[in-house]
Amino acid sequence: MLKVTTEPVPPRKLVIFDLDGTLIDSRQVMTSSFRLAYAQTVGPGEAPVEEFLKRLGQPFPTILEELGLPGEMYEVFRALSSARVADVVTIPKAIEVCRQLRAMGVDSALITGKDRRRTEEILAHLSIGELFSGLVAGDDDLPGKPAPDGVVALCELHGLDPADSVVVGDSWVDIASGAAAGARTVAVGWGMGTKVELHEAEPDAYIEHPSELFGCLYDLLARRDVSITNEYAS
């Protein structure tokens with residue numbers, strides 16, 4: 001006999017993560033690839049690495065345009081980065097949070113300025129692709145961060161209101177895109193954004209260490225409608 005329950009159904013939730021600097025450590029790969037791509041396409045001189053790192057999260061062609069660098073750097077950089085995919089590593093405690101979220105029925109998705117091909121290469125190399133039920137990449141046909149379009153698209157994919165989502169990232173563009181979409185936001189201090197830049201973006205929460213991430217997300221996710229409950233909360 002079919003059992004009918006009158007228990008309220010908890011609302012579904014979504015956490016949208018930035019990738020580089022938030023869930024994976026790719027700084028050395030990107031820095032060295034950027035320097036080599038600059039040398040091959042621009043020539044001798046010091047590549048504007050710090051200005052490049054400040055803009056991570058945006059699509060790479062947008063970064064090149066803002067820095068006044070030639071568009072042909074894109075393919076060179078992409079090839080150099082792909083060749084070093086084996087040097088990319090996870091941020092273990094952050095990935096563990098993704099596993100915890102999945103175990104408690106909360107969807108996770110990715111929004112990155114990295115192109116889709118390289119993103120999928122990295123996810124496959126690290127064996128973490130199954131943790132994410134959606135991806136918006138930098139070469140998708142959407143305005144890149146800090147525009148809200150990618151966040152909105154991922155919420156629509158999951159049939160959710162942005163208010164039932166949280167965006168997590170290490171750059172001001174992550175926080176700006178989430179806030180503009182109507183999501184709550186968490187700025188993380190272990191990536192490439194500076195503390196000053198992240199605080200100026202006015203996130204809903206700022207944390208310094210991956211060990212703080214699950215508790216922070218749990219608190220934010222439980223604020224709307226029905227509180228989520230699971231064994232990790234105790």
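Heads up: numbering here begins at 1 and tracks the sequence.
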E51 backbone acceptor or donor facing R55 side chain under 3.5 Å: yes
Quick one: side-chain contact (heavy atoms from CB on, under 4.5 Å) partners of R102, sequence neighbours excluded? E130, L131
Applying side-chain contact (heavy atoms from CB on, under 4.5 Å), run through E121 and S82 and close with a yes or a no. CA-CA 8 Å; E121 287 174 351; S82 290; 3.1 Å; yes
Taken to the nearest 0.5 Å, the spacing of I122 CD1 from L19 CG works out to 6.0 Å
Spacing of K114 atom NZ and E120 atom CD [to the nearest 0.5 Å]: 12.5 Å
Quick one: closest heavy-atom pair of P70 and L64, and the distance? O-CD1, 3.7 Å
Could you tell me the separation between the CG atom of D20 and the CG atom of D18, rounded to the nearest 0.5 Å? 6.5 Å
Hphob cluster co-occupancy, I63 + L142, side-chain heavy atoms under 4.5 angstrom: no
Does S81 reach the main-chain N or O of R78 with its side chain, forming a donor-acceptor pair under 3.5 Å? no
Hey, can you tell me if F60 and F77 have their rings parallel, tilted or perpendicular (30° and 60° cut-offs)? parallel
Within this structure, what is the OG-CZ distance for the pair S33 and F52, rounded to the nearest 0.5 Å? 8.0 Å
So which atom in D170 and which in D174 form the shortest heavy-atom distance, rounded to 0.1 Å? N-OD2, 3.2 Å
Quick check on the hydrophobic clustering: are Y74 and V49 connected, directly or via other members, by side-chain heavy-atom contacts under 4.5 Å? yes
Residues that D107 engages under salt bridge (Lys or Arg N to Asp or Glu O under 4.0 Å), provided they are two or more places apart: R12
Any donor-acceptor pair under 3.5 Å linking the side chain of E75 with the backbone of E72? no
Least distance between heavy atoms, C216 atom then V186 atom: SG-CG2, 3.8 Å
For the backbone of T185 and the side chain of D204, can you confirm whether one donor and one acceptor N or O come within less than 3.5 Å of each other? yes
When R117, K145, R116 are each screened for salt bridge (charged side-chain N to carboxylate O under 4.0 Å, His left out) with D140, the one that passes is R116
Do K93 and E96 sit within salt-bridge range, that is, some charged N less than 4.0 Å from a carboxylate O? no
Residues 34-46 side chain polar contacts: donor-acceptor under 3.5 Å, at least two apart:
unit_1, atom_1, unit_2, atom_2, d
T41, OG1, A37, O, 2.7

Look at the side-chain heavy atoms of Ile, Leu, Val, Met, Phe, Trp and Tyr, link any pair under 4.5 Å apart, and say whether Y206 and I91 land in one connected group. no
Determine all donor-acceptor pairs shorter than 3.5 Å in which one atom belongs to a side chain in residues 146-160; sequence neighbours excluded.
unit_1, atom_1, unit_2, atom_2, d
H158, ND1, L154, O, 2.8
H158, NE2, S133, OG, 2.6

Find out whether L110 and L123 are in side-chain contact, i.e. whether some heavy atom of one side chain is under 4.5 Å from a heavy atom of the other. yes
Does a side-chain heavy-atom distance below 4.5 Å link I24 with V89? no
Which residues share a ring-ring contact (aromatic ring centres under 6.0 Å, His included) with H125, sequence neighbours left out: none
Shared hydrophobic cluster, V188 / L221 (ILVMFWY, side-chain heavy atoms < 4.5 Å): yes
Hey, any chance L135 and V97 share a hydrophobic cluster, counting ILVMFWY side chains that come within less than 4.5 Å of each other, even indirectly? yes
Shortest non-hydrogen contact between A163 and D161, atoms and distance: N-OD1, 2.7 Å
Count the heavy atoms of every other residue, nucleotide or ligand shown that sit under 6.0 Å from CD of E202, and state whether that count exceeds 12. no
Could you walk me through whether S171 and M192 satisfy the side-chain contact (heavy atoms from CB on, under 4.5 Å) test, starting with their C-alpha distance in whole Å, then the side-chain angles of each, then the deciding distance to 0.1 Å, before giving a yes or no? CA-CA 7 Å; S171 169; M192 286 171 267; over 6 Å; no
Any side-chain heavy atom of V136 sitting closer than 4.5 Å to one from T112? no
Taking it one step at a time, do L213 and F17 satisfy side-chain contact (heavy atoms from CB on, under 4.5 Å)? CA-CA 12 Å; L213 180 57; F17 290 96; 4.2 Å; yes
Side-chain contact test, heavy atoms from C-beta onward, threshold under 4.5 Å: evaluate it for D25 versus V88 and give yes or no. no
Please report the shortest heavy-atom distance between V15 and V168, naming the atom on each side. CG1-CG2, 3.8 Å
Shortest non-hydrogen pair, L23 vs A94, comes out as CD2-CB, 3.8 Å
Give every residue pair that meets the side chain to side chain donor-acceptor pair (under 3.5 Å) criterion with at least one member in residues 186-198, sequence neighbours excluded. T194-E197, K195-E208
Nearest-0.5 Å distance that lies between atom CZ in R27 and atom CG in L56: 8.5 Å
If you round to the nearest 0.5 Å, how far is CG of D87 from CE of M30? 12.5 Å
